[in-house]
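Quick note: numbers below take in every heavy atom, side chains included, and nothing from hydrogens, waters or symmetry partners.
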Protein chains: 4
Amino acid sequence: MARTVGSHGPKTTEAIRKAGLKLIYRHGYEAMSLRQLAAEVGIQVGSLYNHISTKQDLLFDLIRAHMEALLLELDRALAIVGDPVTLLRAFVSFHVTYHIVRKREVFIAYSELRSLDPNHYEDIVAMRRRYESRLIAILEDGCRHHMFEVQDCRVAAYGILAMLTGVCTWFRPNGRLSRETVIEIYSQQVISGLRPAGD
Amino acid sequence: MARTVGSHGPKTTEAIRKAGLKLIYRHGYEAMSLRQLAAEVGIQVGSLYNHISTKQDLLFDLIRAHMEALLLELDRALAIVGDPVTLLRAFVSFHVTYHIVRKREVFIAYSELRSLDPNHYEDIVAMRRRYESRLIAILEDGCRHHMFEVQDCRVAAYGILAMLTGVCTWFRPNGRLSRETVIEIYSQQVISGLRPAGD
Amino acid sequence: MARTVGSHGPKTTEAIRKAGLKLIYRHGYEAMSLRQLAAEVGIQVGSLYNHISTKQDLLFDLIRAHMEALLLELDRALAIVGDPVTLLRAFVSFHVTYHIVRKREVFIAYSELRSLDPNHYEDIVAMRRRYESRLIAILEDGCRHHMFEVQDCRVAAYGILAMLTGVCTWFRPNGRLSRETVIEIYSQQVISGLRPAGD
Amino acid sequence: MARTVGSHGPKTTEAIRKAGLKLIYRHGYEAMSLRQLAAEVGIQVGSLYNHISTKQDLLFDLIRAHMEALLLELDRALAIVGDPVTLLRAFVSFHVTYHIVRKREVFIAYSELRSLDPNHYEDIVAMRRRYESRLIAILEDGCRHHMFEVQDCRVAAYGILAMLTGVCTWFRPNGRLSRETVIEIYSQQVISGLRPAGD
DNA sequence: CATGAATGAGGCTTCATTCAT
DNA sequence: GATGAATGAAGCCTCATTCAT
């Protein structure tokens, strides 16, 4: 008397991840129920457990996958030759683009950090630090070459990251400003903000 | 962890608000149960309802009170005479200070927006817009006087707000940098970022 | 919209214990669902948790209470002056009576031992050992006075306990044999079994 | 803990029976899940159904097989010529030996009776009665020949069975007492318990 | 014969809320 | 104003079982 309708086969796992991403983004991890998730996927609640081991594990999985992709693609984006300003432009461009395109992954990776188990939390925070350190390194290099002038590279980096990340809060794909324009505006604002006093 | 002797008299309501703030900040609105809240206050669950009408109402109450205070104090902070740069400095100083001092209120006013009922949500978003518009106005005034040069004042403002707000994520009261230093760094970075190209 | 029917007041806790005893006896701890239990009591499932903290705790509570009563009443039953035979008769009489009257408590205290958490398990086993040691002491005393003759008092005691405890498996209050008769039969059989060879 | 390489071929059915015996003995029928069972065997849950028709049927199968073997081997053990005392000794020896060697089968055949479907239950109880009747017959024969003196042969038999069966609760193969010694002790205790008053 | 994915029922437990005392 | 006990819904998760591949 089993199985009459619903999702089948190995695609179900991917459907669950997709639906989980959507619902966690919209309602938050705590507020998303597995009932909702199952309904979104079109299967019974119990069937979820053929694909995930735990609600918590689904969250971790989504965030970890995102962080891994983020780090990998950052590597690619920064695999260029150029002075610190050029690298900083590349960073801004990459960060904004990624945060617009992967808006939901990015959002939950920030906002649901506190919903992670302690161990999972540590893993993700470590990955996030690796990401931040790439920007800090660029700023430090720029300071060494007197192209930037900042009191504290770490604080400056945090400010830049917050500014750029904020984009995914308000950016609308078909809104007034194109992605390229936003990148241009923020590149300008960021680089100006770091210019040595006399320039 | 909780008070062992129960809270009494008219102070209980305030104790509930305080405990609610703490717990929502730490665990999130969805994840905080009224049991936890009552335990933190040192009363029984049922007794909460002598002071709040609903869990949702407690949340709204906390956020609204915060937004009202924020707007009121911003008015005071900007009630000075000066050019746009001076006003912008005042804004940065106020925003950073407030976001450091009222870290928890600020955080939940952002992160729990989505937990608000639609009506409540609209109310709060309207207040937030009033706040943002004060910064946008400063930037627009600065552009008119050619003290700033930005393609889009709204986008610039969003960037600045995100950068400054990010402070409450990493700032530690007794950390490496004092509040004044952070304000100085960010004022510099923000104003530099808006300078006309030639300056 | 709360509370319209069902059990009220402080009597509910006792009703839950009683119903729990009945259902665990009948179906076993694992097989008894809290749905059943709540239905038997006449309340909603969730309401159980105003009175018990856990299904496991209910089980432990029932067994511990039984063991405590058992030990206490054994003390009373053996608080007499007499030779080992007299004491043994008193033990048999007490054990059989208690195991007939508290048939259900006795049964689950044996059969659900394995359903106890490790810690709870240890507690109960320790109590059971104290009970057994009372019988062993009687046998040892009897051997010292040459009124009994057994190769191994512990093994003999285990045999006696098993025999007597078996009563609660088949005894029926209004059956062919009265309680007194059963006690008489078993006293005879037990004491004969321990007689020195020559007697 | 489980076999890492899956069980194959016609031996799987036997592996399931063996694992079922072990797990039901350890956790009880209700508490054993088919997931556990499959893991113990080293196959997937669904694969169990190629070998058993139902969890309930597995239980019945194990118990029935045990009872059949028990009755068959009792027949062999009592296929001797001798007076009632000799036969009783043979019974005690057989019962204790079997209950020590087949400890787990014996245990679940008692403790999981209540987990059997009504029909299955009746079948097993009938077999158990056949077993008990063999002992009762010996006692009755002994009484007729004035070698035993008991008020009620059935009750005496129940007591003896309980005593002997208790052995499988505490007997340890390499413990203080050998199997032979235990048999000797209990034979002595049982037969003494039935001696006519004057002997 | 084994697998993996599905089902629907049900497991224990917690939830926000109500209300008589 | 506080309490404790009630409600009904919902939480996550596991269950035995089925069946296409």
A.B. asks: Less than 4.0 angstrom between a side-chain N/O of B:T12 and OP1 or OP2 of F:dA2, yes or no?
C.D. replies: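 Yes, such a contact exists.
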A.B. asks: OP1 or OP2 of F:dG4 less than 4.0 angstrom from a side-chain nitrogen or oxygen of C:H51, does that happen here?
C.D. replies: no
A.B. asks: Are more than 12 heavy atoms from other residues, nucleotides or ligands located less than 6.0 Å from atom OH of B:Y110?
C.D. replies: yes
A.B. asks: Would you write the dot-bracket representation of DNA chain F, where each base gets (, ), [, ], | or . depending on whether it forms a Watson-Crick or G-U pair under 3.5 Å and with which partner?
C.D. replies: .||||||||||||||||||||
A.B. asks: Checking side-chain polar atoms at under 3.5 Å, does C:E112 have a donor or acceptor matched by the opposite partner on C:S115?
C.D. replies: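 Checked: C:E112/C:S115 side chains pair up, N/O donor to acceptor below 3.5 Å.
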A.B. asks: In the structure I gave you, are the side-chain heavy atoms of B:L58 and B:L37 within less than 4.5 Å of one another anywhere?
C.D. replies: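 Sidechains of B:L37 and B:L58: in contact.
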A.B. asks: Between B:N50 and A:T54, name the one whose nearest nucleotide on DNA chain F is closer to the 5' end.
C.D. replies: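 Going by which nucleotide is closer to the 5' end, it is B:N50.
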A.B. asks: Between B:H120 and B:F60, how do the two ring planes meet: parallel, tilted or perpendicular, split at 30° and 60°?
C.D. replies: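 B:H120 and B:F60: parallel rings.
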A.B. asks: Near DNA chain E, counting only heavy atoms under 4.0 Å, which residues of residues 22-37 of chain C show up?
C.D. replies: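 Only C:M32, C:S33, C:L34, C:R35 qualify.
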A.B. asks: Think B:S47 has a side-chain N or O under 4.0 angstrom from the OP1 or OP2 of F:dG1?
C.D. replies: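 Indeed not, no polar side-chain atom of B:S47 lies that close.
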A.B. asks: According to salt bridge (Lys or Arg N to Asp or Glu O under 4.0 Å), does anything in residues 44-71 of chain B pair up with another residue at least two apart or in another chain? List the pairs.
C.D. replies: B:R17-B:D61, B:D61-B:R64, B:R64-B:E68
A.B. asks: Is B:Q44 near enough to F:dA2 that one of its side-chain N or O atoms lies under 4.0 angstrom from OP1 or OP2?
C.D. replies: no
A.B. asks: Rounded to the nearest 0.5 Å, how far apart are CD of D:E105 and CD1 of D:I24?
C.D. replies: 11.0 Å
